[in-house]
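Single-structure report; data block below.
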Amino acid sequence: MSTTRTSKKKALVIGGGIAGPVMALALRRAGIEAEIFEAYETSAEGIGGTFMIAPNGLGALAVVGLEAEVGRIGQPVGPMVIEDGKGGALAEFAGLPDLPRGRLMRRAEMYEVLQRRLRETGLEVRYGKRLVGAEETADGITAHFADGTSATGDLLIGTDGTGSTVRTLIDPAAPAARYTGLLGVGGYSPYRLPGRAGRGETVHFANGARAFFGYWGLADGSGTAWFSNIPQPEQLSHEQARAVSPEDWLRRCRELHADDLPAREVLRVADAGTIETFPRLEIMPSVPHWYRGRMVLVGDSVHAPSNSSGQGVSLAVESAVELARCLRDLPDLPDHTEAFAAYEAMRRPRVEKIAADAERTNNQKASGPVGRMVFRLVAPIMMRTFMSPEKMLRPVHGYRIDWERRVVPVTPVRPAGRAA
């Protein structure tokens, strides 16, 4: 482990989801005290859908000692198969043989692992602490919460998601998250896929006639997990989505995928009681200012790619670990500009490239029947040329953080333009 070279004593971490706990654990390894503040009144056990942690995300989690625990939850991601919506395969990505397999898991499983590790390391999460303001002085920063309480530290880190309060404190003119035009619906079906697909060895993405469909067999062979990305021009609130019954959401999915295989059969026997809706599929546009003074942004608060990237969680935990490295190695007086500038310089190009690529995928998902037909025609050519696994996956999945390497100062960066 690198020798800690810092006079920083305490970081206030705003947001207790996934990025916040990883941020606190990385700071602890860097020799910096951390305290987490969560706006919700209670913890989030049992809440949330399914996501993938890619090989690069697993590598970042290994830096904070979570590789083994995370490797025991969920199920490994096998080959990813791109389909035409009629049961035919357009291409298969088997992953890169020298990298670990990504893992599909419930958010609740990951959350439980993080909360257990926080307790083991003595890191505290304070609930019911909705940030409303922050006041900087020459010696530190004080966070003010809606319940009238305050907390003081040496720096404040926003891991508070796409609706980030910290982002608006850094820059009141900062862009808000942008709706992707897609609504997510997912659930469980007892339908058993044939062959290796039914054993959870492949993950399938099908470009259906009217909507995009993803599915994979559960590892125990008990059935199929599925999701549909439904084109939805007007974004719904969580309340509006919940006002529609699970049975109605399932009925809508069955109608959209009535001509798609195997979606039609998977949905025919799907369990309405397992339906979950995700109306706020969002992407962060390019954020001009990642930091100011003693405040800085991490994860979805500053670089949320669309769900099409499969990289939301992985990029967030990468950024948390990289920021901890920068804070460990670069001086903090009179403020944290050098550390924050180095962090932004190493992260912005990567996350905005991934976000732009995912946005193109999203546009294809929401492009309508003609666009989907064109994709099915050109996909085989694309897969044989510039969309090979090595070209597509190596730059993203092959990223590794060298914790022992010392961070050097850089010239502060500013975005060249708005991310796609």
Side-chain angles (χ1 to χ4, degrees), residues 18 50-63 66-67 70-71 74-84 89-105 110 196-197 200-207 212-217 219 225 227 229 283 299-300 303-322 346-365 375-376 378-402 419-420:
I18 301 297
T50 299
F51 59 69
M52 181 183 80
I53 299 184
N56 52 299
L58 294 173
L61 291 170
V63 175
L66 288 170
E67 182 179 33
V70 174
Q75 67 182 73
V77 177
M80 291 181 284
V81 182
I82 310 298
E83 298 179 344
D84 60 7
L90 298 173
E92 179 173 316
F93 295 94
L96 300 174
D98 59 323
L99 298 180
R101 294 166 70 181
R103 298 195 71 84
L104 286 163
M105 63 188 66
M110 180 66 178
R196 62 176 185 167
E201 296 180 14
T202 54
V203 180
H204 301 256
F205 302 100
N207 197 35
F212 186 88
F213 192 74
Y215 65 98
W216 59 92
F227 70 86
N229 287 159
I283 186 171
D300 284 356
H303 58 62
S306 82
N307 64 308
S308 299
S309 71
Q311 280 288 314
V313 174
S314 295
L315 291 181
V317 298
E318 275 184 11
S319 287
V321 175
E322 293 286 39
M346 70 171 64
R347 298 302 297 161
R348 183 188 283 276
R350 173 171 170 78
V351 301
E352 292 197 349
K353 171 66 165 60
I354 291 171
D357 290 345
E359 181 71 355
R360 284 190 285 273
T361 301
N362 252 32
N363 290 340
Q364 182 270 316
K365 286 182 181 180
F375 174 78
R376 287 194 289 271
V378 302
I381 299 172
M382 296 162 59
M383 302 304 173
R384 289 195 299 269
T385 55
F386 61 88
M387 290 183 67
S388 68
E390 181 68 30
K391 291 179 180 178
M392 285 188 62
L393 301 181
R394 177 70 64 185
V396 179
H397 289 183
Y399 185 90
R400 288 297 179 272
I401 298 170
D402 184 354

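Positions are given from 1 along the sequence.
Considering all non-hydrogen atoms of both residues, Arg101 and Val77 come closest at NE-O, 3.2 Å. In terms of heavy-atom proximity, Ile401 sits nearest to Ala60 at CD1-CB, 4.0 Å. Pro100 and Pro55 get closest at one heavy-atom pair: O-CG, 3.1 Å. Taking every heavy atom of both residues into account, Arg350 and Leu315 meet most closely at NE-CD2, 4.0 Å. Nearest heavy-atom pair, Ser314 versus Ala54, reported as atom, atom and distance to 0.1 Å: OG-N, 3.0 Å.
Listed for the Gln75 side chain is no donor-acceptor partner under 3.5 Å among the backbone atoms of Leu104. With hydrogens and angles disregarded, no donor-acceptor distance shorter than 3.5 Å links the side chain of Ser319 to the backbone of Ala316.
Contacts of His397 classified as ring pair (Phe, Tyr, Trp, His ring centres under 6.0 Å), with partners at least two apart in sequence or in another chain: none.
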Evaluation steps, side-chain contact (heavy atoms from CB on, under 4.5 Å), between Val313 and Met52 | CA-CA 8 Å; Val313 174; Met52 181 183 80; over 6 Å; no
Output, in order, the C-alpha distance, side-chain angles, deciding distance and verdict of side-chain contact (heavy atoms from CB on, under 4.5 Å) for Trp216 and Phe205.
-> CA-CA 9 Å; Trp216 59 92; Phe205 302 100; over 6 Å; no
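Between the CZ atom in Arg347 and the NE2 atom in His303 there is a gap of 5.5 Å [rounded to 0.5 Å]. Interatomic distance, Met105 CE to Thr50 OG1, rounded to the nearest 0.5 Å: 10.0 Å. The line from CG of Asn56 to CD1 of Ile354 is 7.0 Å long, rounded to the nearest 0.5 Å.
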